[in-house]
Enquirer: 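Sharing a structure with you now.
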Amino acid sequence: MDALRARLTDQAYEEAIRHCASSILPMHLGERLVNKIFGRNLQSHAAGLLAVMHCEAELGLAGRPTLSLIQEDMGSSRTLSAFFALLRVAGFVDTVPDPDDRRFKVLIAKPPLLEGLTTWMSHHMTCAEVAGLLPDGHAERLRTNKDFALGFIARTRPMLERTRAALRQPGAWAWFDDFDCGDRIALALLRSHYAGTDLDGAHWFGLESRHLASQLGVSHSHLRNVVNAAESEGFVQQGRKSHRVSVTPRMLADVRSFHLAFWGWIAEAAEQVESQARRRA
């Protein structure tokens with residue numbers, strides 16, 4: 001993996017991050033309910049952990065997930081209890097008696113949760129392919145081969161743990177991700193940044209903040225507060241007279257560092273699934 005990353009070109013990375021912004025951001029636009037449920041990193045990571053534990057159990061690698069096990073791992077009991085109650089109402093999760101002890105309940109990840117995660121992961125896996133960190137074809141298998149998808153998600157616990165650790169470190173992506181829909185806002189900024197370049201070489205673009213806020217289901221004041229705070233942090237610049245925005249080199253470097261690590265972890269999980277399949281063949 002380090003050798004592949006050493007050969008990574010600027011063009012390959014730019015194509016990968018362009019794909020990331022242009023494929024993943026549309027998944028969230030207009031999805032107000034989904035953004036309300038999964039727009040904060042605590043909730044999205046807990047849902048991801050549930051999906052991983054569900055797939056591990058399906059393959060006989062571990063027991064069925066329970067709320068207490070997820071709370072123990074995430075360390076936030078009251079918030080997660082209410083969150084999983086909301087997931088049940090929204091049809092993403094089911095609760096059934098534990099087959100080994102019917103006094104207890106286990107959590108079942110329902111198809112909408114697994115399918116949404118698989119689609120999201122397939123876009124990132126495509127990014128890993130475009131960047132040259134993974135051979136082509138894996139993302140297509142993830143989308144079309146249920147056995148491969150099951151095995152892949154079941155082996156992403158290390159990726160999830162590394163991601164959570166990385167998001168506790170300083171950096172632009174971790175900073176944005178700490179806000180409600182912050183990752184979506186960052187993706188919108190990146191998509192606009194890579195959409196074109198002014199003649200003078202500066203990447204200035206208009207940000208239709210009211211429209212974006214409406215599409216994400218957040219208030220306009222929240223979105224503006226995030227962008228203004230990002231300027232204070234040195235991640236964006238704003239032209240007060242032109243009402244245009246520019247992403248700084250610091251933000252671009254931080255985003256690159258995080259995503260190359262993240263796509264590398266995805267590649268490792270995919271290769272583990274293939275290695276396991278070869279041993280069984």
Side-chain angles (χ1 to χ4, degrees), residues 1-29 117-145 148-149 152-153 155-156 158-160 162-163 165-167 169-177 182-205 230 234-236 245-275:
M1 189 62 63
D2 290 339
L4 285 172
R5 193 170 298 173
R7 295 197 300 269
L8 179 71
T9 66
D10 291 340
Q11 181 180 356
Y13 168 75
E14 183 171 321
E15 290 177 1
I17 198 65
R18 281 176 183 270
H19 178 82
C20 178
S22 63
S23 63
I24 292 176
L25 181 61
M27 291 182 62
H28 305 302
L29 297 179
L117 177 62
T118 299
T119 300
W120 182 80
M121 291 296 303
S122 73
H123 289 310
H124 277 295
M125 193 174 284
T126 297
C127 294
E129 294 174 355
V130 172
L133 301 175
L134 188 67
D136 291 346
H138 289 77
E140 178 65 20
R141 287 183 65 194
L142 184 60
R143 287 188 292 267
T144 60
N145 187 316
F148 180 78
F152 174 76
I153 295 174
R155 288 167 177 81
T156 55
M159 182 200 76
L160 182 60
R162 290 171 175 175
T163 300
L167 291 174
Q169 302 300 315
W173 193 259
W175 184 89
F176 274 96
D177 194 59
D183 60 334
R184 283 91 160 145
I185 296 171
L187 283 173
L189 293 170
L190 291 168
R191 185 175 69 170
S192 295
H193 169 82
Y194 286 109
T197 306
D198 291 344
L199 293 178
D200 62 359
H203 293 245
W204 289 93
F205 52 87
F235 298 137
V236 303
V245 180
S246 176
V247 176
T248 66
R250 176 188 170 191
M251 175 172 171
L252 294 175
D254 286 355
V255 168
R256 176 184 175 123
S257 178
F258 174 83
H259 279 84
L260 286 181
F262 182 64
W263 296 335
W265 301 331
I266 288 176
E268 288 177 9
E271 289 165 351
Q272 287 175 7
V273 178
E274 285 200 331
S275 177

Enquirer: So does A139 get a backbone contact from the side chain of T126, meaning a donor-acceptor N/O pair under 3.5 Å?
Expert: no
Enquirer: What residues form a side-chain hydrogen bond (donor to acceptor under 3.5 Å, both in side chains) with H259, not counting sequence neighbours?
Expert: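 Residues passing side-chain hydrogen bond (donor to acceptor under 3.5 Å, both in side chains) with H259: none at all.
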Enquirer: Between atom NE2 of H138 and atom CD of E274, what is the distance when rounded to the nearest 0.5 Å?
Expert: 3.0 Å
Enquirer: What's the separation between atom CZ in R141 and atom CZ in F148, rounded to the nearest 0.5 Å?
Expert: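 Rounded to the nearest 0.5 Å, the CZ-CZ separation comes out at 4.5 Å.
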Enquirer: Output side-chain donor-acceptor pairs under 3.5 Å for residues 169-177, partner residues at least two apart or in another chain, one line each.
Expert:
residue	atom	partner	partner atom	Å
D177	OD2	N41	ND2	3.3

Enquirer: Step by step, work out the side-chain contact (heavy atoms from CB on, under 4.5 Å) result for L190 and L252.
Expert: CA-CA 8 Å; L190 291 168; L252 294 175; 3.9 Å; yes
Enquirer: Among F258, F262, F152, find the one that has a ring-ring contact (aromatic ring centres under 6.0 Å, His included) with H124.
Expert: F262
Enquirer: Can you tell which of V130, L134, L133 makes a side chain to side chain contact (heavy atoms under 4.5 Å, CB included) with W263?
Expert: L133
Enquirer: Not counting sequence neighbours, which residues clear salt bridge (Lys or Arg N to Asp or Glu O under 4.0 Å) with E14? List them please.
Expert: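 With neighbours one apart ignored, the set is R18.
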Enquirer: Hey, mind stepping through I153 and M121 against side-chain contact (heavy atoms from CB on, under 4.5 Å) and telling me if it holds?
Expert: CA-CA 9 Å; I153 295 174; M121 291 296 303; 5.7 Å; no
Enquirer: Going by the rule side chain to side chain contact (heavy atoms under 4.5 Å, CB included), which residues pair with S23 if we only count those two or more places apart in sequence or in a different chain?
Expert: H19, H123
Enquirer: Nearest 0.5 angstrom please: I17 CD1 to L187 CG, how far?
Expert: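 With rounding to 0.5 Å, CD1 (I17) is 7.5 Å from CG (L187).
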Enquirer: When you measure from the side chain of T163 to the backbone of M159, do you find a donor-acceptor pair of N or O atoms at a distance under 3.5 Å?
Expert: yes
Enquirer: Run the side-chain hydrogen bond (donor to acceptor under 3.5 Å, both in side chains) test against H28 and tell me which residues pass, sequence neighbours left out.
Expert: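 H28: side-chain hydrogen bond (donor to acceptor under 3.5 Å, both in side chains) contacts with R184.
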Enquirer: Assess the residue pair E268 and Q272 against the criterion (side chain to side chain donor-acceptor pair (under 3.5 Å)); give the C-alpha distance rounded to whole Å, side-chain angles, the decisive distance to 0.1 Å, and a yes or no.
Expert: CA-CA 6 Å; E268 288 177 9; Q272 287 175 7; 5.4 Å; no
Enquirer: Who pairs with R250 by side-chain hydrogen bond (donor to acceptor under 3.5 Å, both in side chains), at least two apart in sequence or on another chain?
Expert: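 side-chain hydrogen bond (donor to acceptor under 3.5 Å, both in side chains) list for R250, sorted by chain: empty.
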Enquirer: Once you round to the nearest 0.5 Å, how far does OG1 of T119 lie from CG of L142?
Expert: 8.5 Å
Enquirer: Only counting residues at least two apart or in another chain, list the ones meeting side-chain hydrogen bond (donor to acceptor under 3.5 Å, both in side chains) with R143.
Expert: E140
Enquirer: Is there a donor-acceptor contact under 3.5 Å from the side chain of S257 to the main chain of D254?
Expert: no
Enquirer: Before you tell me yes or no, could you show the steps for F235 and L189 under side-chain contact (heavy atoms from CB on, under 4.5 Å), namely the whole-Å CA-CA distance, both residues' side-chain angles and the distance that decides it to 0.1 Å?
Expert: CA-CA 10 Å; F235 298 137; L189 293 170; over 6 Å; no
Enquirer: Could you walk me through whether Y194 and H203 pass side-chain contact (heavy atoms from CB on, under 4.5 Å), step by step?
Expert: CA-CA 8 Å; Y194 286 109; H203 293 245; 5.6 Å; no
